[in-house]
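On a predicted model such as this, the values are computed, not experimentally measured, just so you know.
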Amino acid sequence: MLIGYEGAPRFHLFSADFAHDRKIPAPVLSEWPNNQGPEALRQLADGRTVVIGEVFAPWWSRRRHTGLIWPGLPRANQAPARFELVMPEGYRPVELAQAPDGQLLLLGRKFTLDGFRTVVTVVPDPRAIHPGATVTPQPIAWIDDPRIRDNYEGMVTTPEPGGGTAIWLISDSNQMVWLQRTLLLKLMLPEQHESDARSGPDRQRSLRQERAPGALAGSRPGTGTRLHAAS
């Protein structure tokens, strides 16, 4: 397992049982501020390692972020290629996942005076990420209902037995339980909407969300689903 820490110019490659830790110097990570570093990190199915910084680049931008690409697992002091990620206004990339069908999902987080906002976006073809590219993922879900929104920072995908993909989100309370919560949400991306996402941004997509004990659902055509708590 490859891990990057904010404020540290290195990766850590752990064995499966976490008993062994190999440090991989990566001076390029020093370009990012201590608390806005390698939030989104993933080794893709094609072997490439993609890392995206949380910091806006340039700093006055509210959409643009620098992404780094290694052809495999990073080697000591190896310089990566670069690309630019363009997120929805004000959202920072905090997680990168790859769906079973190969699509890339990016989790975005925004903090406002009214609390956290979250967006799930998709890059249908991983080949869109390449040196020098400008990548603008398509929003497929927004979480802005005050009853379920929180500091979502983790995301993984799993195939569903009946078809489609489950998108799991987890929020981080930062040990501030009086202010933030640790929530686990399961978003269902039906199989027919997976093919819609691959066919272009103008196709309508929807998500079904599950969280015990109640069901959560929502929709807004064209720009992704708005998720809200059902009464």
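Partners of F83 by ring pair (Phe, Tyr, Trp, His ring centres under 6.0 Å), not counting sequence neighbours: none found. Residues forming a side-chain contact (heavy atoms from CB on, under 4.5 Å) with D125 (at least two apart in sequence, or on another chain): R127. Scanning for side chain to side chain donor-acceptor pair (under 3.5 Å) contacts around N77 gives an empty result, with sequence neighbours left out. Under the rule for a side chain to side chain donor-acceptor pair (under 3.5 Å), T112 has no partner lying at least two apart in sequence or in another chain. Annotation: side chain to side chain donor-acceptor pair (under 3.5 Å) contacts of T158 (sequence neighbours excluded): W168. Applying the side chain to side chain donor-acceptor pair (under 3.5 Å) test to R64 and every residue at least two apart in sequence or in another chain returns E84. In terms of the salt bridge (Lys or Arg N to Asp or Glu O under 4.0 Å) criterion, E6 has no residue partners (sequence neighbours excluded). Partners of R92 under the side-chain contact (heavy atoms from CB on, under 4.5 Å) rule, at least two apart in sequence or in another chain, are Q36, E54, F56, H65.
Interatomic distance, CG of L44 versus CD1 of I129, reported as 6.5 Å (0.5 Å rounding). Distance check: R62 CZ to M87 CE gives 12.5 Å after rounding to the nearest 0.5 Å. To the nearest 0.5 angstrom, Q43 atom CD is 11.5 Å from L96 atom CG. Between the OG atom in S171 and the CD1 atom in I143 there is a gap of 9.5 Å [rounded to 0.5 Å].
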Ignoring hydrogens and angles, write down the donor-acceptor pairs under 3.5 Å from the side chains of residues 117-124, residues two or more places apart or on other chains.
| from | atom 1 | to | atom 2 | distance (Å) |
| --- | --- | --- | --- | --- |
| R117 | NH2 | D114 | OD2 | 3.2 |
| T121 | OG1 | L106 | O | 3.1 |

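D150 places no side-chain N or O within 3.5 Å of a backbone atom of Y152 that could act as its donor or acceptor partner.
Residues M1 and I3 meet the side-chain proximity criterion, which asks for heavy atoms closer than 4.5 Å. A 4.5 Å side-chain heavy-atom check between I69 and P80 finds every atom pair outside the cut-off. E160 is listed as a side-chain neighbour of K186, based on a closest heavy-atom distance under 4.5 Å.
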Worksheet entry | Steps toward side-chain contact (heavy atoms from CB on, under 4.5 Å) verdict (L183, L169) | CA-CA 8 Å; L183 300 177; L169 304 182; over 6 Å; no
Worksheet item: Could you walk me through whether N151 and V94 pass the side-chain contact (heavy atoms from CB on, under 4.5 Å) check?
Response: CA-CA 10 Å; N151 181 28; V94 294; over 6 Å; no
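In the hydrophobic clustering, where aliphatic and aromatic side chains (Ile, Leu, Val, Met, Phe, Trp, Tyr) are joined below 4.5 Å either directly or transitively, W60 groups with W59. As a member of the Ile/Leu/Val/Met/Phe/Trp/Tyr network built from side-chain separations under 4.5 Å, W70 groups with L2, F11, L13, I24, V28, L29, W32, L41, V51, V55, L68, L73.
Under the side-chain hydrogen bond (donor to acceptor under 3.5 Å, both in side chains) criterion, the residue pairs touching residues 8-23 are H12-D21, S15-D17, with sequence neighbours excluded.
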